[in-house]
Every structure is written in C-alpha cells, then in structure tokens.
S.K.: 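Input: one structure, supplied below.
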Amino acid sequence: MAVVTRFAPSPTGYLHIGGARTALFNWLYARHHQGRFLLRIEDTDRARSSADAVAAILDGLTWLSLDWDGEAVSQASRAPRHAEVARQLLADGNAYLCYASSDELAEMRALAKAEGRPMRYDGRWRDCTDAPPPGVQPVVRFRAPRSGETKIADHVQGEVVVKNEMLDDMVLLRADGTPTYMLAVVVDDHDMGVTHVVRGDDHLTNAFRQYQLYQAMGWPVPEFAHIPLIHGPDGAKLSKRHGALAVQAYRDMGFLPEAVNNYLLRLGWGHGDEEIISQKDAIAWFDLDAIGRAAARFDLTKLTSLNAHYLREADDARLTDLVLARLAADANARLADTARDRIMRGMSGLKQRARTLVDLTANAMFYAVEAPVALAPKAMEALNETAKSHLAALRPLLEAVEPWRADALETAVRAHAAEAPGGDVPLRAIAQPLRAALTGATASPPVFEVMEILGRAETLKRIDDVTTEDAPQH
RNA sequence: GACCCCAUCGUCUAGAGGCCUAGGACACCACCCUUUCAAGGUGGGAACACGGGUUCGAACCCCGUUGGGGUCGCCA
C-alpha cells in the first residue's frame with residue numbers, strides 16, 4: 001500500500017521550528033516511499049484560527065521546499081462530514097448525548113483534583129434515561145470502553161499500553177454542533193487515506209482515544225510515530241517565548257533552508273556518522289524506526305556551523321541575489337553601480353568566510369559601496385604612519401602593474417616588499433594596510449583578489465583616501 | 001498528583017551482549033598551513049545518571065532510585 005503522510009498544523013500562529021521538523025519527517029517519509037505528503041489545516045477552532053497564520057505556515061513550508069501533494073485541506077470545511085460520523089456513532093450506540101453543564105464539569109474537575117486523580121468525565125449521561133434538562137444543547141460523547149486496555153505499536157516509542165479506565169468519554173461534537181479535534185483528526189486521516197501519522201509526542205496520549213474511535217468505526221488504524229519534542233538550549237520545553245521561533249525568523253537571521261533542514265533532520269535522527277546530508281540522501285536514508293526517543297536540545301551554534309558549510313557550497317549567483325536583497329533593505333547602504341558585478345565576482349572569496357547571510361552581507365559591503373569606505377577601528381589602527389608610507393610607496397607601482405590581475409598584483413607587491421630599502425619588509429606589513437584601506441577591515445578575502453575586483457581606479461582612489469591628510473574618518 | 005515517555009562527552013549523536021581502553025560532529029584548546037580572516041590538516045581535554053540483578057561477559061537485557069519531559073479542555 002502506498003504511504004500517505006500528512007502535516008496538520010493548527011493556524012493559531014506561525015510555523016515554528018518544532019512544527020517544521022514534524023513536517024520534514026512526514027515529507028521525508030512520504031518521499032522515501034514515493035508516497036504522498038498531504039497538508040491539512042486544523043482550523044476547527046474558528047476563534048483562534050487566522051488566515052495570516054495559514055499564510056505564514058504555507059510560506060514556511062515553501063521556504064523549506066517541503067512541497068505537499070494536492071491542495072491544503074481546511075478541516076473546518078469538512079464539518080458536515082464530521083457531524084455525519086458523529087451521527088453514525090450515535091446510531092450505532094458508540095456515542096451518546098451528554099447534557100452536563102460546564103458547572104458540573106467544573107465540579108468533576110475540582111473533585112478529581114482534590115482526590116489527586118486525573119480529571120475524567122464521570123459518564124453521568126452515558127446510560128441515563130432521564131429526560132434531558134430543558135433548554136440545554138447536548139454534546140456528543142464517545143462511549144469509550146471501560147475495561148481492558150488499549151495498545152499502540154508506535155514506530156518511535158515502541159509498544160505503549162494504557163488501561164482503558166484511564167480514558168474518559170471524550171466530546172466528539174460540541175454543543176454548537178462543531179467537531180472537536182479528536183473526532184476531526186480521525187475522520188480526516190481516514191478519509192484522506194493517511195497510512196502513517198507522524199507527529200509530536202505530545203499527542204501520544206491522544207493516540208489511544210483515537211485508536212478507540214477507529215475501532216468503533218471499523219476503520220483500519222494508521223501506523224503511528226510520535227517524535228520527541230525539541231527542547232531549548234537549557235533543556236526546558238521550547239515555547240514561543242523560549243526559542244521556538246518561526247522558521248521565517250531563521251531566514252531573517254541569515255540561515256539557508258538547506259542548512260535548517262539538515263540541522264532539523266539530525267535533531268533526533270541519525271544515520272551512522274553522517275552529518276552533512278543532502279536532500280537526496282535524506283530521502284534515501286530516512287526511516288521512522290531510526291528516530292531517537294529522547295528529546296533533543298536546539299543548538300544554534302551547530303545550526304550556524306552547518307549554515308557556513310552550505311553557504312560555501314551555494315551558487316554564487318544565488319548568494320549574490322540574496323545579499324543584494326539585504327543590501328537594498330539597508331537604508332544606509334550607498335550602492336555603487338558596479339555593486340552586483342563586484343559582489344558576484346567576489347562571492348567565492350566572500351562566502352567561505354561567512355557563517356550566515358547576515359555576515360556575508362556585512363562582509364560584502366566594501367564591494368557594494370563607492371569610495372570612500374568606512375574604516376573600522378581596527379583598520380584605522382592598522383593605518384599608522386609607517387603603514388601609510390608603505391602605501392604611498394606602493395602607489396606608483398600599482399599604477400603601472402599590467403595586467404590588473406590578482407596574480408600579477410601579488411608578484412609585483414611581493415617583489416616590492418623584498419626590495420624595500422633597509423631590508424625586506426614582511427608581506428603582511430604591506431598587505432594589512434592595503435586590506436584596511438581597500439576594505440575598511442582587518443579581515444577580508446585575499447587582498448590581491450580584492451584589488452582585481454575593485455579595479456585599478458577604485459583601488460588607487462581608496463589608497464588615496466587613507467594616505468591623504470583630509471581622509472574621511474568614520 | 002495520576003498516567004505515559006525518556007536518560008552515552010557541554011550539545012547533537014553512533015552503539016541493537018564480546019568489534020568499546022565507547023566512534024563521529026558542533027563547540028573549546030594547541031600546532032601546521034598562511035598577506036588577514038576563514039577553510040583545511042594534525043593532536044588534545046571531554047560521556048555510558050546512580051544502585052541492584054541476569055550473564056563467562058553489559059553502554060546495550062531486567063528491577064529500583066534519581067533526574068528530565070509529555071498528557072490530563074465543549075484547544076489542537
């Protein structure tokens with residue numbers, strides 16, 4: 001049978017990093033088996049759902065290139081079908097009407113708490129033949145088995161058993177006739193042909209009640225895989241207030257989607273000693289049974305390291321576009337006409353020195369702007385009097401170098417350093433001031449490469465800017 | 001509190017009774033390379049939570065303890 005998985009977020013907020021991992025695992029499993037990966041928006045709680053949240057979720061999945069098959073299903077739109085199933089359950093005696101008021105429920109809750117046991121509906125309407133109280137809209141409750149036990153063979157958690165007496169009669173249809181999550185998720189997963197339910201292990205206890213519902217309807221029960229939640233760096237649960245950022249936040253921080261995917265994949269899943277895993281390999285290797293049972297902590301440093309790797313591998317033109325877009329958003333950047341061309345040509349040298357797109361953009365700034373460049377404090381320090389005299393002595397030589405290429409420039413400057421009056425000067429005594437003058441920083445791509453890309457005129461202008469008395473200071 | 005789940009370096013993990021004096025990655029330290037910074041190379045410190053079993057033999061199996069986590073809604 002073809003594998004069908006689904007990702008079923010509720011649109012009450014953005015797609016956070018934990019949800020993204022759940023989506024990734026579902027996607028990977030489906031693609032591994034050449035099955036289908038479906039998307040269902042669980043919006044049965046109308047009050048808390050929003051179109052913005054749906055848009056943010058779709059945007060997040062798209063950015064991670066987790067494409068879903070077919071149209072995203074709105075769970076709310078399927079309410080009539082949910083009600084239909086509830087009616088069938090009622091007709092079959094697997095459900096009943098419950099007229100208990102919220103006050104009565106609150107009493108049960110209070111009593112349960114006082115007695116130190118979990119809140120469970122006491123089933124007072126389960127077999128009640130009394131006349132219903134006037135004016136009360138009933139809810140539909142599931143008639144859950146009261147004895148025996150329910151067993152789930154979970155792909156991650158293994159075999160988990162719970163005594164049926166621990167489970168109460170859950171609400172299927174609310175007083176207003178709308179379905180609850182428990183009913184909707186089972187009906188939809190069944191109707192959509194979902195074969196494997198992969199979700200956070202906060203749903204593990206729900207799985208038992210859902211299992212019973214499948215049984216009551218006589219439907220085949222899907223395979224389950226409840227994956228551990230992601231924790232924050234301090235081991236506490238990752239919450240929106242505690243590091244569970246929207247995937248878009250990682251995009252803004254300058255991470256590449258492939259790095260986020262690789263990182264998320266390695267969080268709770270491993271394949272031998274493999275660390276850098278391409279999407280192709282991930283699809284080939286992914287397996288639910290290899291998912292770890294313990295919760296993992298989110299480590300931004302490791303994500304950053306992975307990102308640096310993917311940045312180095314990324315296509316220059318793609319990175320140039322990304323950097324330019326960030327530069328364009330920076331109101332302070334005075335972009336030169338040649339910015340794109342220079343950044344594109346300098347990208348291979350730039351990208352291997354950056355860990356995020358934020359770094360990359362900052363480091364590309366000296367290529368993007370027109371002279372004079374802003375000097376960082378350390379660059380200013382490097383440009384002391386000795387350094388300036390070296391630059392001044394170098395200037396006429398640079399004016400004459402042919403061709404204006406990195407290799408020729410390096411040969412010329414090295415020769416000049418070796419022939420310097422008063423013994424040879426170490427190359428760095430000249431290269432560092434040059435770097436400071438040309439890039440405004442003390443670290444950059446190879447300085448001769450920088451010179452070639454900037455061109456003779458721009459190079460000389462930048463040298464003049466720092467060797468002239470009224471050089472602009474920033 | 002009840003029920004359920006989990007437990008290998010700081011972090012992510014490999015490990016499915018002997019291959020483990022526990023491997024890899026990130027981070028950290030040192031050295032090499034080097035025009036800077038990265039990258040790369042080499043080396044280093046760093047873990048089987050604890051206590052009982054079972055076994056010729058346990059990181060791997062069992063029990064308990066401790067410590068984490070999850071769930072207990074007419075939310076999803």
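Proteins get letters first, then strands, A, B, ... in listed order; numbering begins at 1 in each.
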S.K.: Would you measure the distance from the C1' atom in rG43(B) across to the matching atom in rG52(B) and give it in whole Å?
M.R.: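 About 41 Å, rounded to a whole number of Å.
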S.K.: Taking K151(A) first and then E149(A), would you say they form a salt bridge - that is, a charged N and a carboxylate O separated by under 4.0 Å?
M.R.: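 The answer is no: the pair does not qualify as a salt bridge.
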S.K.: Can you tell me the distance, in whole Å, between the CE atom of M166(A) and the P atom of rC5(B)?
M.R.: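 Checked: the CE to P distance equals 12 Å.
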S.K.: Please state the P separation for the pair rG53(B) and rC12(B) - nearest whole angstrom.
M.R.: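 These two P atoms come out 32 Å apart once rounded.
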S.K.: How about F298(A) and H231(A): are their ring centroids closer than 6.0 Å?
M.R.: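 No, they do not, as the ring centres are separated by 6.0 Å or more.
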S.K.: Under 4.0 angstrom, heavy atoms only, what part of the nucleic acid is G158(A) near: base, sugar-phosphate, or nothing?
M.R.: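 Contact class for G158(A): none.
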S.K.: Centroid separation under 6.0 Å, is that true for the rings of F37(A) and Y29(A)?
M.R.: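 Ring centroids of Y29(A) and F37(A) are no less than 6.0 Å from each other.
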S.K.: Whom does rC48(B) pair with, Watson-Crick or G-U wobble, provided both distances fall under 3.5 Å?
M.R.: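 Its partner is none (no Watson-Crick or G-U wobble pair with both distances under 3.5 Å).
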S.K.: Does rG17(B) have a Watson-Crick or wobble mate here (both distances under 3.5 Å), and if so which one?
M.R.: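 Result: none.
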S.K.: What interatomic distance, in whole Å, is found between C1' of rC29(B) and the corresponding atom of rU55(B)?
M.R.: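 rU55(B) and rC29(B) have their C1' atoms separated by 42 Å.
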S.K.: Return whichever of R297(A) or V160(A) has its heavy-atom-nearest nucleotide of RNA chain B closer to the 5' end.
M.R.: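 Per heavy-atom nearest nucleotide, the more 5' residue is V160(A).
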S.K.: Within the 4.0 Å heavy-atom criterion, would you say N206(A) contacts the bases, only the backbone, or no part of the nucleic acid?
M.R.: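 The answer is base, as N206(A) lies within the cut-off (heavy atoms under 4.0 Å) of a base atom.
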S.K.: With a 4.0 Å cut-off on heavy atoms, is A207(A) in touch with a base, just the backbone sugar-phosphate, or nothing at all?
M.R.: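 Nothing, no heavy atom under 4.0 Å.
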S.K.: In the 5'-to-3' direction, what one-character label does each nucleotide of nucleotides 20-39 of chain B receive under the scheme B = base within less than 4.0 Å of a protein heavy atom, S = sugar-phosphate only, - = no such atom?
M.R.: ---BBBSS-------BBBBS
S.K.: Using atom NE2 of H226(A) as one end and atom P of rC4(B) as the other, report the distance to the nearest whole Å.
M.R.: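 Rounded to the whole Å, the gap is 16 Å.
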S.K.: Looking at E313(A) and K351(A), does any basic side-chain N land under 4.0 Å from a carboxylate oxygen?
M.R.: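 Judged by the 4.0 Å cut-off on N to carboxylate O distance, E313(A) and K351(A) do not form a salt bridge.
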S.K.: My understanding is that a pair needs two contacts under 3.5 Å, Watson-Crick or G-U wobble. By that rule, which nucleotide pairs with rA7(B)?
M.R.: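 Because both required distances fall under 3.5 Å, rA7(B) counts as paired with rU66(B).
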S.K.: What's the CZ-P distance between R209(A) and rC3(B), to the nearest Å?
M.R.: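 Checked: the CZ to P distance equals 16 Å.
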S.K.: One thing to verify: whether E275(A) and K302(A) come together as a salt bridge, which I'm taking to mean a side-chain N less than 4.0 angstrom from a carboxylate O.
M.R.: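 Yes, K302(A) and E275(A) are salt-bridged.
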S.K.: Which part of the nucleic acid, if any, lies within reach of L229(A) when heavy atoms closer than 4.0 Å are counted: base, sugar-phosphate only, or nothing?
M.R.: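 Result for L229(A) = sugar-phosphate.
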S.K.: How far, in whole Å, is rC62(B) from rG17(B) if one measures between their C1' atoms?
M.R.: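 The same atom, C1', in both gives a distance of 14 Å.
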S.K.: Mind running a 4.0 Å heavy-atom check of residues 146-157 of chain A against RNA chain B and sending the residues that fall below it, in number order?
M.R.: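 Heavy-atom contacts with RNA chain B come from Q157(A).
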S.K.: May I ask you to say whether R143(A) pairs ionically with D169(A), meaning some side-chain N is under 4.0 Å from a carboxylate O?
M.R.: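 D169(A) and R143(A): not salt-bridged.
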S.K.: Over how many whole Å does the gap from Y121(A) atom OH to rG73(B) atom C1' extend?
M.R.: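 To the nearest whole Å, that distance equals 15 Å.
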S.K.: Check whether F142(A) forms a cation-pi arrangement with R209(A) (NZ or CZ under 6.0 Å from the six-membered ring centre, at most 45° off the ring normal).
M.R.: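 Negative - R209(A) is either too far from the ring of F142(A) or too far off its axis.
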S.K.: Starting at CG of L183(A) and ending at P of rA76(B), how long is that distance when rounded to a whole Å?
M.R.: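 Checked: the CG to P distance equals 11 Å.
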S.K.: Please report the distance separating the P of rU54(B) from the corresponding atom of rA59(B), rounded so that it comes out in whole Å.
M.R.: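 rU54(B) and rA59(B) have their P atoms separated by 16 Å.
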S.K.: Just the rounded figure in Å: distance from P of rG15(B) to NE2 of H271(A).
M.R.: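 Roughly 10 Å, once rounded to whole Å.
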S.K.: Would you measure the distance from the P atom in rC60(B) across to the matching atom in rC9(B) and give it in whole Å?
M.R.: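 Rounded to whole Å, the distance is 14 Å.
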S.K.: Let me confirm one number: the NE2-OG1 distance from H390(A) to T467(A), rounded to the nearest 0.5 Å.
M.R.: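 So the gap between those two atoms works out to 14.0 Å.
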S.K.: Expressed as a whole number of Å, how far does the C1' atom of rA58(B) sit from that of rG69(B)?
M.R.: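 Result for the C1' pair: 27 Å, nearest Å.
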S.K.: Applying a 4.0 Å non-hydrogen cut-off, can you work out what A175(A) is touching in the nucleic acid: base, sugar-phosphate, or nothing?
M.R.: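 It contacts base atoms.
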S.K.: Under 4.0 Å between a side-chain nitrogen and a carboxylate oxygen: does that hold for D45(A) and R48(A)?
M.R.: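 Yes.
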S.K.: Between rC20(B) and rU66(B), how far apart are the C1' atoms? Round to whole Å, please.
M.R.: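 Nearest-Å result for rU66(B) against rC20(B) at atom C1': 27 Å.
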S.K.: Does rC33(B) have a Watson-Crick or wobble mate here (both distances under 3.5 Å), and if so which one?
M.R.: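 Matched rC33(B) with nothing under the 3.5 Å cut-off.
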S.K.: If rU71(B) has a Watson-Crick or G-U wobble mate with both distances under 3.5 Å, name it; if not, just say none.
M.R.: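 The base-pairing partner of rU71(B), which may sit in any strand shown, is rA2(B).
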S.K.: CG/D43(A) to CZ/R46(A) distance, rounded to the nearest 0.5 angstrom?
M.R.: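 The CZ atom of R46(A) is 5.0 Å from CG of D43(A), to the nearest 0.5 Å.
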S.K.: Which part of the nucleic acid, if any, lies within reach of T44(A) when heavy atoms closer than 4.0 Å are counted: base, sugar-phosphate only, or nothing?
M.R.: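 If one applies the 4.0 Å heavy-atom cut-off, T44(A) turns out to touch the sugar-phosphate alone, with no base involved.
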S.K.: Between rC74(B), rA2(B), rC5(B), which nucleotide gets closest to the side-chain atoms of T180(A)?
M.R.: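 The answer is rC74(B), which lies nearest to the side chain.
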S.K.: Expressed as a whole number of angstroms, how long is the span from E159(A):CD to rC5(B):P?
M.R.: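 For the pair E159(A) CD and rC5(B) P, the rounded distance is 11 Å.
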S.K.: Is the shortest side-chain N to carboxylate O distance from D359(A) to R353(A) below 4.0 Å?
M.R.: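 No, this pair does not count.
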S.K.: What residues form a salt bridge (Lys or Arg N to Asp or Glu O under 4.0 Å) with D52(A), not counting sequence neighbours?
M.R.: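 Salt bridge (Lys or Arg N to Asp or Glu O under 4.0 Å) list for D52(A), sorted by chain: empty.
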S.K.: Could you let me know what rA27(B) is paired to, Watson-Crick or G-U wobble, both distances under 3.5 Å, or none if it's on its own?
M.R.: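 Checking every strand shown, rA27(B) finds no partner, since no pair has both distances under 3.5 Å.
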S.K.: Rounded to the Å, how far apart are R293(A) CZ and rA7(B) P?
M.R.: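 After rounding, the gap between these two atoms is 6 Å.
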